[in-house]
Amino acid sequence: MDKFLTFTIVGLATSAIYAVIASGLVLTYTTTGIFNFAQGAIGMLAAFTYWQLRFSWGWPTPVALIVVLFVLAPLFGILIDRVIMRGLQDTSETTKLVVSISLLIGMIGLAQIIWDPNVSRPYATFFATSKPLAIGPTTITWHQLITIAVAIAVAIGLRFLLYATRIGIAMRAAVDDRPLATLNGARPHRVSMFAWAIGSSLAALGGILIAPLVPLEAGTLSLLIISAYAAAIFGRLRSFPLVFVGAIVVGCTEGYLSGYLPQNQYLPGLRLASPAILLFIVLLLLPNPRLRGRTRSREFFPMPSRRGALGFAAGVTAAGVVLATTMSQPDLVTYGRVFSVGIIALSLVPLVGFAGQVSLCQLSFAGIGAIVMAHLGHNGNPIALVWAVLITAAIGAVIALPALRLSGIYLALGTAAFAIALDRWIFTLPKFSVFGLFNIDLFQQGSVSVDPLRLFGFTFDTPGSQMVLLSSVFALLSLLVVAIRRGRFGRRLLAMKDSEAACATLGLNLLGTKVTVFALSAGMAGLGGALLGSQLSSVSPQNFDLVTGLPIFALAVVGGIGAAGGALFGAVSLAGLLPLLAALLPSVSQYLVILPGLAGIGLGRNPNGAVHDLREGFMPIAKSRIVLVATVVVLAGLYAIRMLDAIDNWTYALLTMTTPLVAVVAATLLRRERADGVVPLEWRGVTEPWTDDDVRDLDRVLGLTEVELHGAARG
Amino acid sequence: MAQLAVRGVTVRFGGNVALDGVDLDADPGMVTGLIGPNGAGKTTLFNVITGLIPLNSGSIQLNGAPMNDLSPTKRARRGLARTFQRLELFSLLSVRENIRVAADIRKGWARDGSDPAAVTEALIERIGLGAVADARVDALPTGQCRLVELGRSLATRPEVLLLDEPASGQDENETLAFGALLQELAAEGMAVVLVEHDVHLVMRVCHKVHVLDFGRIIAVGDPQQIQTNPAVVAAYLGTPG
C-alpha cells in the first residue's frame, strides 16, 4: 500500500506537468489550428534558460522564474506567431506539420549551440533541501506538491480566462467559427498572438518543472512530453477537463509502470517507450471519425511527363557516375549518403505527396531494412534486399491498419509514437524468440555489421561503386514513382487525398488503398535502409531514431513532396550541402544544425516546394533543343577534361554548376530574339507603328492581290 | 418494391433532430424530387443514405436488402452513387481523370470486363465536357464542376443516383440540357433522386416529389399536386406575386 501511494504521488506530480504542457498545446491548437510539435521544445529551451539564469548566473529563484515565464516565454510565443505561423493559412496539414517539426529541429539545434551537450548541468528541484511532507505512511516532496498545486492553479486560471475575460471569450469564439468571430468584431490576429503567448508560457512552466526529474538534454527533453501529447489527444484537442483527466491517466500509468514493472532485460525499454505506446493506444481509442471531405489548399504538384522522368533518372545516374569517378575516397564517404537518404525520402513521395498520409517513421522502416540486411545479407547476398522490402512492407501494412482511423496530425503522432517505441524499446532488445519458432536478433544491444552488397559476382565494397549503385537504384525508383503517379493507382491516391468521402461513395476500398500505399512506401524505405546499412557497414539504433528522421521528412517536403525531385532535393540538402558547408566554413559548422529547421520554417511561404521553382527556372533549357544539346555536350566535355586531370575538382564543380545557369540565360535570350522577329499579326500597329511591310503581310495572309486592293487608286 | 426505400429515418445531432421519421421511395425509371427550404435536412438525408453519417433509427433498403450496417463503400458497390452539394471533386486531377478514377474503381470491384478508358470517353461525350476534358477541375466554373461530378458518379454505373443541387451554378440553357439528360437516365431504368432549388426544373423532370421541412416529409405527390399543396406553399414555394 505504501508503495502504491508513493507511486501514485509520483504519477500525480508527473500528470500535473503533462496537464500544464498539454493545456498550452490545446490552447494554441484550438485557436489557431496549428498543432505545435515544438511545444516540448519550447519547454526545453525555457528549462535551459532557467538553468542559465538560476544556476549558472545565480539569480534569485523568483526573478529567474518571472523573467522566463512572464517575459521570455510569452515573447517567444508571440515571435513564433508573428514570424512563422501567420503565413500558414490555407496550407495543407502536411505543411503546417513540417513547419512546427522544423521549429522543433531548429530549437534542438539552437539549444545545442548555446548549451554544449557534453557538459552536465545539475538542476535542483524546488525546495530541494526542505524535508518532504509526510502523508500517512509515505511522503511528498515540496517539488511534487508545488507541481500539483501549479496544475490546479493553471486549471482554475484557464477556466477564468476562457469564461470570464473578453479575450478568453474571443478565443472560444475563434474556436467555434473563426470567420464568424471576425465578422462580429473579434480580432483573430490578437487572439492567436495571445494564445501563442500563453501556450508558450505553459510549455515553459512544464519544462522548468520536469527538467530536474530527467537529464537536461535537448532532444530527450523535447520529446519527453510525448506523454503530454497523449493527454492532449485524450482531450480530443478541445476539452480542457478531458486533457486533465488524460494527463492523470498517462502520468499515473507511467508512475505505476516505474513502480511495478518487473525488472528483467526486456522491459526497461518498455518503460521508456510507455509514453509513446500510451499515445498510440489513446489515438486508437478516439471515436471513429467521419470520412474526410474536401480540403482546400494552396499546394499543387503537376503531373510529371514521361520525357521529364526519363531525363531526371538519366541525370541522377549520370551524377552518381560523375561523383564516383571524380571525388576522393574520404569525400565519397562523407557525401555517399545522398542517394541512400534520397531513397528513404523518395519513399515519402507516394505516401505523403500523392496519398496525403503523413508518416514520421520512415527512418524506422529503414532501420528494419538495415537489420534484415545485416542478418540475412551475409557475404552481400542480394536476396536479403528482397527480404528487407517484403518484411518492411508487411510491417508498414500492419501500421497502416489503424491509419484508416487516423489522418493528419493524429496520423503523424501515431507514426511518431511507433518510431519512438522502436527507438527506445524494440531496437534495444536483446536476442529473443517468438513462440520458440523464430529467433529474432536486432541490433544486439549495440551495433551490427552489414556486409557490402554482392550482385552478379560484383561486390559493391568501395564508396565509388556504392555511389553508382545507389544513384541507379534511386533513378529506377524515381521512374517507379512517376509510373505510379501517371497510372491508375496514382490517380486513386490523389483522389483519396482530395476527398475520402467522395472516394468511398464511388466504392473505393479506402483501407485497402491506404494499406497498399503504406506497404509500398515502407518497402521502399526498407530497401533504402538495407542499402544504407551495407554502405555504412555497421549500423546502430541511433542511425534510425525519430529525431534523425525528422529532417529527412521536413526537407523532402521543403523540396516538394509531390515529386521525386523534391525527395532528391531533401537528401542533397541534408547529406550533401550541410556537410559541404561544414567543410567550407568550419568556423560556423556548429551553427549549421539549425539550417534544416530554418528551411522547413520557410516552407509556409512556398508550399509547392523548392523543386517547383527550380523546374520553372530551368524550363527554358528543356524547351530549346539547341541549348539542351549544347548543355549536355558542355557538361560531357567538362567531365572529359576533368577525367584527363586538366582541371581540379573545385574548378570542375564550379564550371559544372555554372553551365546550366548560363544555359538558362542563353535559352531565354534565344527565345526572346525569336519572339522579337515575329510580331503576331493582330498586334501589328498596336505595339509598334504601322508600316508598309505590315500592309503587305496582312494582304498576303488575307489572300488579296495588289490590284484588288489598290488597283484603281494606284493607277 | 421501390429500388431505394427509406423508412422512418431519424437523425439527431446532439439535441437537434435533423431528420424525423423520414420515408422516401425512389423507383427505377423515375426521377424523384426532394425539395424543401435550406436546412430542411435534404443533404443530411443523402449523407445518411450513402452511409457518410449514421442514423439513430429507421432503415434504408436497396432492392429489398437492408443497408443500415454497410459502409459507404459497400453501399456504392450495391449500386448507389451521388453528387455533392458542396463539391467533392478531385481538384488535383483533370476532368478526364476525375471520371477515369471512378471508372477504374468500378472495374476494380465489379470485374465486369468494361474498359474504363472507353467508359470515360463515352461519358465525357455524353455530358458535353469534351472541350475541357484535359482542364484541371479547379479551373472550371461551378456549373461544369457539377457536370463532372455527375459524370464521375455515372462512371460507377449506379442503379440509384442521388443528385444534390446539380443545377446550381448552371445557366438556363445548361439547365435545359441537364433536365433532358436526367430524363434520359431515368428512361434507361435508373432511379434518380433530385435535390434542387430550381423549382421549374424539378416540376418539369420529376415524376414524383417529396417535400422536406424541419426534418419531416410534409408532402409527397406528383408535381401538380405538390404545387397546389397548401402546406408546401406555406413552407417553401410561397404564393406568386
* Using non-hydrogen atoms and a 4.5 Å limit, figure out which bit of B/Arg78 sits close to chain A: side chain, backbone, both or neither. => neither

* Flag side-chain contact, heavy atom, 4.5 Å: B/Arg100 against A/Arg488 -> no

* To do: Measure across B/Arg77 and A/Leu508 and return the closest heavy-atom pair with its distance rounded to 0.1 Å.
  => NH2-C, 4.3 Å

* Asked: Which residue out of B/Thr83, B/Thr156, B/Leu92 racks up the most heavy-atom pairs below 4.5 Å with chain A?
  -> B/Leu92

* Structure fact -> What one should report as the nearest heavy-atom pair of B/Ala76 and A/Thr505 is CB-O, 3.3 Å

* Asked: Hey, what do you get for CZ (B/Arg106) to CG (A/Leu506), rounding to the nearest 0.5 Å?
  -> 12.0 Å

* Asked: Taking B/Leu89, B/Asn98, B/Asn47 one by one, which has the highest count of heavy-atom pairs under 4.5 Å against chain A?
  -> B/Leu89

* To do: Carefully, step by step, assess B/Phe90 and A/Cys503 under the rule side-chain contact (heavy atoms from CB on, under 4.5 Å).
  => CA-CA 9 Å; B/Phe90 307 134; A/Cys503 282; 3.8 Å; yes

* Could you walk me through whether B/Ile105 and A/Arg492 pass side-chain contact (heavy atoms from CB on, under 4.5 Å), step by step? => CA-CA 8 Å; B/Ile105 292 174; A/Arg492 196 169 286 190; 3.9 Å; yes

* Asked: Okay, side chain of A/Arg491, backbone of B/Val101: is any donor-acceptor separation there less than 3.5 Å?
  -> no

* Asked: Roughly how far, to the nearest 0.5 Å, is CZ of B/Arg136 from CE of A/Met303?
  -> 12.0 Å

* Output yes when a side-chain donor or acceptor of A/Asp498 lies under 3.5 Å from a complementary backbone atom of B/Glu88, and no otherwise. => no

* To do: Flag yes if more than 12 heavy atoms outside B/Arg126 fall under 6.0 Å of its CZ atom; otherwise flag no.
  => yes

* Above 12 or not: heavy atoms from other molecules or residues under 6.0 Å from NZ of B/Lys74? -> no

* Indicate yes or no for a side-chain donor-acceptor contact from B/Thr73 to the backbone of A/Asn509 under 3.5 Å, with no hydrogens or angles considered. => no

